[in-house]
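First the structure, in the form of structure tokens, and then the observations on it.
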Amino acid sequence: MGDIPVIGIDLGYGQVKVAGPGYRASFPALVAEKVVWSESAGLVEWDNHHFLVGEAALSEQHHRYAVRMDKADTLEELAKYQVALALASRHYDSSVFGIATGLPPMYWKSLPLRQQLVDKLSGSFRFKFEGRSYDITVAGVTVDPQAGAAFYDFLLTEDAEPADRELLGLRTITVDVGHRTTDLAFMAGRKAAMGSRSILTAELGMWAVYEETARLLFAEHRLNLTPSDIDSYLRKGGSLKLSGSELLLGPYLAKAVEPVAHTLAAAVARQTADLRLWDAVLLVGGGAPLFREVLTQQLGIPVRLARDPAYANAAGFFKRQLER
């Protein structure tokens, strides 16, 4: 894409992450329709569509995550991509970008879905965000598999130079712990290690941890909380009021992650004949730090935590594109 700035956009279930050289930004992957009394914070508008995005949506009772696995099929998803473009435009003072983004493994394997995402994100975007008008051109789009892209965050610097040459000689398993799911990538150096089975998705993530946290709180305090409640409390500081006192959720979260991490370790082990064939696990995603200890114990191979786990995919997307 030449001299055009390239940004990585990771449209996750819980957070949208934006990454580029020297830049990181994120916002909750929440949307809500604008109501009469809505303020301009978080408001994105185009073609008679009006959505609150991110923290601004959290204050609305009708907010929702509204993320589809194909990442391109609804207006809500387009609203989030436009917010990501607006944030990058503010930072880089540019109105032309290349986008490097991704899809979950099973959807990335579909060429029509990859092309659909490329088509939806290419061209001109005219919209307003927080009262400011934008006219942004996306001059090119690349789509990589989630988890597989995160490998390149370990491998490359922000100038697309080698950051860890050792990885090129290793067999690695990238484990990308997401909000609802966990993506896996089995790599031999840069290459897929197991053919079509090299990238896949396990149907558990931080939501399962929130479910277990809610169960623990009910067992100990008879609190009737949902995973959405736990998620909301964590976003607002990680505590709640109980009988006039502050109850910290951290200890419950740490305990809740254990059975989920055990299940995840078993899911990883089922994909390979022998874990001893692998040299390292590359652990990424917003929930990655919570899982590190248990996965190390259960898998019996070294676990490397990304420098900035939540941004590993977004950073991997743009680093991979800069290298191409």
Side-chain angles (χ1 to χ4, degrees), residues 1-13 15-21 23 25-27 29 31 44 46-47 49 51 53 66-89 92 94-127 129 134-153 156 160 176 178 181 183 185 190 192 196 198-201 311-324:
M1 297 185 189
D3 296 329
I4 297 172
V6 176
I7 55 170
I9 302 177
D10 180 12
L11 198 73
Y13 280 109
Q15 294 277 321
V16 178
K17 282 81 66 176
V18 187
Y23 180 62
S26 67
F27 53 92
V31 294
V44 58
W46 80 100
D47 294 342
H49 303 300
F51 290 101
V53 178
V67 175
R68 289 172 56 90
M69 295 292 277
D70 57 24
K71 306 290 180 77
D73 201 36
T74 69
L75 293 171
E76 291 93 335
E77 289 157 337
L78 183 56
K80 286 180 277 190
Y81 276 114
Q82 289 181 142
V83 171
L85 284 170
L87 295 176
S89 181
Y92 290 108
S94 176
S95 60
V96 182
F97 288 97
I99 289 180
T101 189
L103 284 169
M106 67 178 293
Y107 289 88
W108 180 84
K109 292 175 184 178
S110 167
L111 181 57
L113 285 179
R114 295 209 305 267
Q115 189 60 50
Q116 173 181 284
L117 184 56
V118 169
D119 293 342
K120 289 286 183 72
L121 296 180
S122 298
S124 296
F125 293 86
R126 296 179 178 87
F127 60 96
F129 177 56
Y134 292 86
D135 186 349
I136 295 175
T137 297
V138 176
V141 179
T142 57
V143 181
D144 283 313
Q146 293 167 189
F151 170 83
Y152 289 91
D153 186 40
L156 301 172
D176 176 17
T181 60
D183 295 323
R190 293 173 179 266
S196 62
S198 296
I199 53 171
L200 64 150
T201 298
Y311 286 96
N313 269 314
F317 291 147
F318 91 79
K319 291 178 181 181
R320 178 77 173 109
Q321 178 54 34
L322 291 179
E323 185 191 46
R324 284 187 170 110

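Everything quoted here is computed from the prediction, not taken from an experiment. One is the number of the first residue; the rest follow in order along the sequence.
- For the residue pair Gln15 and Lys17, the shortest heavy atom distance occurs at O-NZ, 3.2 Å.
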**Request:** Step by step, work out the side chain to side chain contact (heavy atoms under 4.5 Å, CB included) result for Phe125 and Tyr81.
**Result:** CA-CA 10 Å; Phe125 293 86; Tyr81 276 114; over 6 Å; no
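- Minimum heavy-atom separation, Phe129 to Ala86: CD2-CB, 3.7 Å.
- When every heavy atom of Ser198 is checked against every heavy atom of Ala192, the shortest pair comes out as OG-CB, 3.3 Å.
- No side-chain donor-acceptor contact under 3.5 Å links Thr137 to the backbone of Val96.
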**Request:** Could you walk me through whether Val118 and Val143 pass the side chain to side chain contact (heavy atoms under 4.5 Å, CB included) test, one step at a time?
**Result:** CA-CA 7 Å; Val118 169; Val143 181; 3.8 Å; yes
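- For Ala312, the side chain to side chain contact (heavy atoms under 4.5 Å, CB included) criterion is met by Ala150, Asp153, Val284, Ala306, not counting sequence neighbours.
- A donor and an acceptor atom, one from each side chain of Tyr311 and Ser26, are located under 3.5 Å apart.
- To the nearest 0.5 Å, atom NZ of residue Lys80 and atom CZ of residue Phe51 are 10.0 Å apart.
- Considering CG of Leu85 and OG of Ser95, their distance stands at 11.0 Å, rounded to 0.5 Å.
- Note that CD of Glu323 is 4.5 Å distant from CG of Leu156, once rounded to the nearest 0.5 Å.
- One side chain, Gln146 or Asp183, offers a donor N or O that lies under 3.5 Å from an acceptor on the other.
- Here the shortest heavy-atom pairing between Gly98 and Ile4 reads N-CG2, 3.5 Å.
- To the nearest 0.5 Å, the span separating OH on Tyr23 from CG on Leu87 amounts to 4.5 Å.
- Although no hydrogens or angles enter the test, the distance criterion places no donor-acceptor pair under 3.5 Å between the side chain of Trp108 and the main chain of Gly102.
- Applying the salt bridge (Lys or Arg N to Asp or Glu O under 4.0 Å) test to every pair with at least one member in residues 138-150, sequence neighbours left out, gives these pairs: Asp144-Arg324.
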**Request:** Evaluate the side chain to side chain contact (heavy atoms under 4.5 Å, CB included) criterion for residues Thr142 and Phe317: first the C-alpha distance (whole Å), next the side-chain angles of each, then the deciding distance (0.1 Å), finally the verdict.
**Result:** CA-CA 8 Å; Thr142 57; Phe317 291 147; over 6 Å; no
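- In plain terms, the two heavy atoms of Ala19 and Phe318 that are nearest each other are O-CD2, 3.5 Å.
- Considering every non-hydrogen atom in both Ser89 and Ser94, the closest pair reads OG-O, 2.8 Å.
- At least one cation-pi condition fails for Arg126 and Trp46: the charged atom is not both under 6.0 angstrom from the six-membered ring centre and inside a 45 degree cone around its axis.
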**Asked** Where do Val83 and Val16 land on the side chain to side chain contact (heavy atoms under 4.5 Å, CB included) test, with the steps shown first?
**Response** CA-CA 10 Å; Val83 171; Val16 178; over 6 Å; no
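- Here the straight-line distance linking atom CD1 of Ile9 with atom CG of Asn313 works out to 13.0 Å at 0.5 Å rounding.
- The distance from the CD atom of Gln116 to the CG atom of Leu121 is 10.0 Å, given to the nearest 0.5 Å.
- Proximity of a side-chain donor or acceptor of Lys109 to a complementary backbone N or O of Ile199 within less than 3.5 Å is detected.
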